[in-house]
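Quick caveat: nothing in here was measured; it's all calculated off a predicted structure. Numbers here are sequence positions counted from 1.
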Amino acid sequence: MAADRRIVIENCAIATVDGHDTEYASGHVVLAGNRIESVGAGAAPEGLENVARRIDASGHLVTPGLINTHHHFYQWITRGLATDHNLFNWLVALYPTWARIDEPMVRAAAQGSLAMMARGGVTTAMDHHYVFPRGSGDLSGAIIGAARDMGVRFTLARGSMDRSEKDGGLPPDFAVETLDGALAATEETVRQHHDSSFDAMTQVAVAPCSPFSVSTELLRDGAQLARRLGVRLHTHGSETVEEEKFCHELFGMGPTDYFESTGWLGEDVWMAHCVHMNDSDIAAFARSRTGVAHCPSSNARLAAGIARVPDMLAAGVPVGLGVDGTASNESGELHTELRNALLINRLGGHKEAALNARQALRLGTYGGAQVLGRAAETGSLEPGKLADLVLWKLDTLAHASIADPVTALVFGAAAPVTASFVDGRQIVEDGRLLTADEDAIARATRDEARRLARIAAEA
C-alpha cells in the first residue's frame with residue numbers, strides 16, 4: 001500500500017504491549033503505508049485523508065503480530081514419528097530420514113509451516129535450517145522464497161553441522177558439511193539474502209546447529225563470521241540433561257561455559273530451549289543480554305523439562321516463544337504456545353505466580369522482537385513501528401463470556417484470526433490465507449512426505 005494510503009481500524013479492544021502495557025477497552029489503530037500512524041482510545045482522528053479502508057473491529061482484540069523465534073520448517077513432512085522418544089533417541093530415529101530431503105521437499109515443508117503459523121497470527125517467522133545433504137539443491141533459496149510468497153516477515157537462521165557419526169555426532173556422514181564449506185555457504189547466504197533495513201522482510205542469521213552436532217571450530221569461526229558480517233547468531237542450548245552430560249564429558253564444562261568460551265554469549269545471540277540452566281547460567285545470559293527462544297510444547301513432547309522462564313525474565317534475559325520443528329510440535333501453531341507457556345511454567349517452582357496472561361502475550365510479541373533484534377521495528381503497537389498486527393475475534397461462543405480480552409486470548413481456546421497484516425498488507429482474512437492456496441499446500445506436503453518416507457525406506 002502506498003505510504004500516503006491509510007487503513008483505519010476502530011471499535012476494538014487493543015493491547016499495545018508497549019513499555020507501559022498500555023491497553024484500550026475500545027480504541028483505534030491507523031495504518032499509513034507500512035507503518036502504524038496512530039493508536040489510541042475511542043474513534044480515529046477526524047479528517048484523515050486518503051483512507052483506503054475502514055474496519056469496524058467490534059468484538060475483536062488487536063495485538064501486535066506474533067513473532068516466532070525458533071522453528072525447523074523441513075520437519076513439517078516428518079510429523080507424527082518417534083512420538084515416545086526423548087531428544088537424543090528422537091534424533092537418532094529421524095536423522096536417517098531427514099538426511100534424504102531435497103529442494104522440492106523443503107519448499108513444500110516451508111509452505112506448510114509458514115501457512116499454519118500465518119493463519120494463526122504469526123507476522124514474523126524464522127527457520128533454523130541446518131540439514132544440507134549433498135546434491136539436495138538450493139534449500140535456503142527455497143525457504144526464503146516460500147516466506148516471501150506467503151508475505152510474512154522472515155529470518156532464516158542458516159544452520160550447519162560438521163560433526164557426523166564418524167566424529168561421535170548423530171547425523172549420517174553424508175548429511176553434514178565440512179567446516180570450510182559450511183562457513184562459505186553461510187557467508188554466501190548472508191550476502192545474497194540479508195537485508196539490514198528498518199522494514200526488511202528477509203534477514204539471515206549464522207546458526208551452527210548444536211554443541212553435539214558441530215565442532216568447536218565451527219562454533220568459534222561462525223561467531224566471528226556473524227560479527228564480521230553484522231548479523232545475529234542462533235543455536236540450540238541446554239535443551240536436555242543428556243546435552244549437559246555430553247558437554248561435560250567432551251569439553252570439561254557445562255553448555256553455557258562452553259558457549260562463552262567460543263564467543264557465543266552476547267546481545268546478538270539467541271538460543272533455543274535453555275531448559276537446564278542453573279543460577280550462574282541465567283546470570284551469564286542476563287549479563288550478556290543473550291536471548292532465549294522458549295518452546296514449551298516441544299520441550300514437553302520430548303520430555304526435556306521445564307525452562308526457568310520466570311527466573312530468566314526476573315534477571316532481565318530477553319525471552320521469546322518458538323514453535324520448534326513440527327516433528328516435535330505437530331500443531332505448528334505459535335498462538336497455542338501463549339497458553340502452553342503460561343500453563344507449563346505454572347508446573348514449576350513458582351506455581352501460579354510463574355506467568356500471567358499479559359506476560360505470555362509479551363513473550364509472543366515484544367519478547368520475540370527483542371530476541372530477533374527487531375524490537376525497534378515491531379513487537380508492539382506504537383506510532384512509527386511497522387504495520388504488523390492481528391485482529392482476534394473474541395465475540396463467539398469460545399470467548400464471549402470472558403470479560404478480559406487478553407485473558408480470553410491466552411487462557412481460552414485458540415481464537416479465530418479475522419485479519420492479519422504484515423508491512424501494512426493483509427495476508428489473512430477470516431482465518432484463511434490471502435497469499436496462498438491452503439488446499440494446494442496440503443496436497444503438496446502430503447505428497448512430499450510420502451515421497452520422503454518411500455526414499456528413506458528404500459535407503
Would you please name every residue forming a side chain to side chain contact (heavy atoms under 4.5 Å, CB included) with [X], sequence neighbours left out?
{"X": "Ala157", "value": "Met126, His128, Ala205, Ala207, His234"}
{"X": "Glu187", "value": "Arg191, Leu225, Arg228, Leu229"}
{"X": "Lys351", "value": "none"}
{"X": "Ala200", "value": "Asp195, Ser197, Gln203, Arg374"}

With [X] via side-chain hydrogen bond (donor to acceptor under 3.5 Å, both in side chains) - residues at least two apart:
{"X": "Asp18", "value": "Thr16, Thr22"}
{"X": "Asp257", "value": "none"}
{"X": "Arg148", "value": "none"}

For [range], which residue pairs qualify under ring-ring contact (aromatic ring centres under 6.0 Å, His included), counting only residues two or more places apart or in two chains?
{"range": "residues 194-229", "answer": "Phe88-Phe212"}
{"range": "residues 317-353", "answer": "none"}
{"range": "residues 360-388", "answer": "none"}
{"range": "residues 147-182", "answer": "Phe73-Phe154"}

Is the closest basic N to carboxylate O distance between Lys245 and Glu242 below 4.0 Å?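 Looking at Lys245 and Glu242, the cut-off is not met.
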
With sequence neighbours left out, which residue pairs that include part of residues 293-309 fulfil the salt bridge (charged side-chain N to carboxylate O under 4.0 Å, His left out) condition?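 Output for this query lists Asp279-Arg308, Arg301-Glu330, Arg308-Asp311.
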
